[in-house]
Amino acid sequence: MLEKGIIETVKKNGTILSVLMVQELLESQSDEQHRISMPELSAALELEGVPSDRRTIYACIQALKDRGVPIHFSRSGGKQGYWIDHVLTPAEAFVLTDLITQSPSLSAKSAMRLSSRIRALLSEADQRLLKLPEPPIAKTGNDEVLPAIEILLKAISKGTAAEFRYFDRTLSGRRSYRRRGAHYHMVPYAIVSDAARYYCIFRDSAHQDFSNYRIDKMDSVRDTGIPEPLVPFDLEHYLQSSFRMYHGTPVTITVEFDLSLLNQVLDQFGQDLLISRVSEHTFTASIRSAVTPTLIGWLLQFYDRICVLAPDSLIEEFRRIAASINSTYNEKEREASHGRIAGTEAGKASDHH
């Protein structure tokens, strides 16, 4: 609690504005390496025409400290002064702004606005430490992602249904709405991120099933306010049965990997992965996941360093993919060969003329 004398000083001098200005100065100008002295605080307040005597400033600082503002005073390096603990360290702010800026789910406008708010939580000196990276080329053009997330979070907390339109992009970049632009009506259960994109997991009451929708492909999102009966939902179990947001029935997939892929496999599937056999150059791992397009694509990037051992259905799928690739490139080679033959014959005909 404030001492009676300090309270009277604050009331007498009308220093509400002084308190706010002292806090603003400490937040913007100070950190542990950059302290503000009493004369500097006094001069800054005087420029604004507000009470700036030492007793008033002491009262302001004490009032802020009593409200939990982490203000410190220290002497070192030949200078003494006040400084404040900020919500984030420069390292924390860098990580957050980097994740935001690099996220393809946020538009460049939304990413820059959110990053600026995070940077504003630092002192001006610490802000200069951050070099804001340029956003990647593949940014969404949808500025409604953050408002949509907020609407969906509130609907999840209330157990109410949400409505939205869902679209794909055409070659020209326009939105092509599914269901001919009709609204989806479903109950949101969770928001998750995967591969730097945000998804909402909905339950469709009509089909009584869960499915995932990318939030950057949604617009006209609204909370209907209509509560619907909820069913038990285990998010961890649901995610374990999905791979990169493709949902399906999980099966045990056994793969023999080249030993050089150990870190990639552990990074992808976790340290608790069941490794059943290790030889001089390979290891065999069992993966519990749905067989999804993304899982198949992930495995195919290591085509010459893996061998799928089970299930038979996945082995057959790999054979089908291999046959399809082989057929495509054989056809391309035949077309190229025919073109070379046609060109040779045309050249001969021209020589005869």
Side-chain angles (χ1 to χ4, degrees), residues 92 95-96 98-100 102-106 145-146 148-162 164 166 184-218 221 223 227-255 257 261-276 283-299 301-302 306 308-311 313-314 317:
E92 292 167 340
V95 170
L96 291 173
D98 181 65
L99 290 172
I100 290 166
Q102 300 301 319
S103 172
S105 282
L106 298 175
V145 173
L146 289 176
I149 290 176
E150 187 169 344
I151 292 169
L152 292 170
L153 286 173
K154 291 178 180 178
I156 291 169
S157 70
K158 297 186 296 182
T160 54
F164 59 93
Y166 202 64
Y184 288 66
H185 181 99
M186 290 184 285
V187 181
Y189 274 69
I191 293 176
V192 297
S193 64
D194 184 81
R197 295 194 182 277
Y198 296 100
Y199 295 79
C200 187
I201 301 172
F202 289 93
R203 183 174 185 271
D204 187 339
S205 300
H207 296 91
Q208 298 185 353
D209 193 20
F210 290 94
S211 52
N212 317 308
Y213 291 83
R214 264 175 51 182
I215 298 178
D216 60 306
K217 296 175 65 175
M218 299 164 56
V221 181
D223 179 0
E228 295 202 15
L230 300 178
V231 300
F233 177 68
D234 187 334
L235 178 60
E236 183 177 352
H237 175 75
Y238 180 87
L239 293 176
Q240 285 176 349
S241 66
S242 304
F243 190 92
R244 293 288 165 84
M245 299 318 299
Y246 283 95
H247 189 58
T249 303
V251 297
T252 299
I253 301 162
T254 307
V255 183
F257 293 95
L261 296 175
L262 178 60
N263 285 310
Q264 288 95 320
V265 174
L266 293 178
D267 287 346
Q268 189 64 59
F269 298 104
Q271 300 293 319
D272 297 329
L273 184 70
L274 178 60
I275 297 177
S276 56
F283 67 96
T284 301
S286 295
I287 302 163
R288 188 70 179 170
S289 174
V291 177
T292 67
T294 312
L295 175 64
I296 292 172
W298 187 86
L299 290 170
Q301 68 180 313
F302 308 117
I306 69 164
V308 176
L309 306 178
S313 58
L314 182 55
E317 179 64 12

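Counting from 1, the numbers follow the sequence of the chain as shown. Since we're looking at a predicted model, the values are computed, not measured.
The heavy-atom pair separating M186 from R203 by the smallest distance is CB-O, 3.5 Å. Here the shortest heavy-atom pairing between L152 and A162 reads CD2-CB, 4.0 Å. Shown here for L295 and S289, the closest heavy-atom pair between the two residues is CD2-OG, 4.1 Å. Of all heavy-atom pairs spanning H185 and A161, the tightest one is NE2-CB, 3.6 Å. Residues A148 and V221 approach most closely at CB-CG2, 3.9 Å, considering heavy atoms. The nearest pair of heavy atoms linking D223 to I151 is N-CG2, 3.6 Å.
At least one donor-acceptor pair closer than 3.5 Å links the side chain of S157 to the backbone N or O of K154. Here the side chain of Q268 pairs no donor or acceptor atom with the backbone of V265 at under 3.5 angstrom. Although no hydrogens or angles enter the test, the distance criterion places no donor-acceptor pair under 3.5 Å between the side chain of T254 and the main chain of S286.
The distance from the CD1 atom of I215 to the SG atom of C200 is 5.5 Å, given to the nearest 0.5 Å. The CG atom of N212 sits 12.5 Å away from atom CD1 of I191, with the distance rounded to the nearest 0.5 Å. T284 OG1 to L309 CG: the interatomic distance, rounded to the nearest 0.5 Å, is 6.0 Å. Separating the CD1 atom in I149 from the CG atom in L106 is a distance of 7.0 Å, to the nearest 0.5 Å. Distance check: S103 OG to D98 CG gives 11.0 Å after rounding to the nearest 0.5 Å. One finds the OH atom of Y199 at 12.0 Å from the CG atom of L239 (value rounded to the nearest 0.5 Å).
Residues Y189 and Y238 keep their aromatic ring centres 6.0 Å or farther apart. Checked against a 6.0 Å centroid threshold, the rings of Y166 and F202 do not count as neighbours.
The side-chain heavy atoms of V291 and E317, taken from C-beta on, include no pair separated by under 4.5 Å. In this structure, the side chains of I201 and F233 come closer than 4.5 Å at one or more pairs of heavy atoms. No side-chain heavy atom of T292 sits under 4.5 Å from any side-chain heavy atom of W298. At least one side-chain heavy atom of V192 sits less than 4.5 Å from a side-chain heavy atom of L235. A 4.5 Å side-chain heavy-atom check between P104 and R197 finds at least one atom pair inside the cut-off.
Crowding of Q301 atom CD: a count of heavy atoms from other residues, nucleotides or ligands under 6.0 Å exceeding 12. When the shell of 6.0 Å around OH of Y198 is examined, it contains 12 or fewer heavy atoms from other residues, nucleotides or ligands. Other residues, nucleotides and ligands place more than 12 heavy atoms under 6.0 Å from the CD atom of E228.
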- Message: For a side-chain contact (heavy atoms from CB on, under 4.5 Å) check, start with the C-alpha distance between L314 and I296, then their side-chain angles and the critical distance, and finish with the verdict.
- Response: CA-CA 9 Å; L314 182 55; I296 292 172; 4.0 Å; yes
- Pair T252-L274, side-chain contact (heavy atoms from CB on, under 4.5 Å): steps then yes or no: CA-CA 11 Å; T252 299; L274 178 60; over 6 Å; no
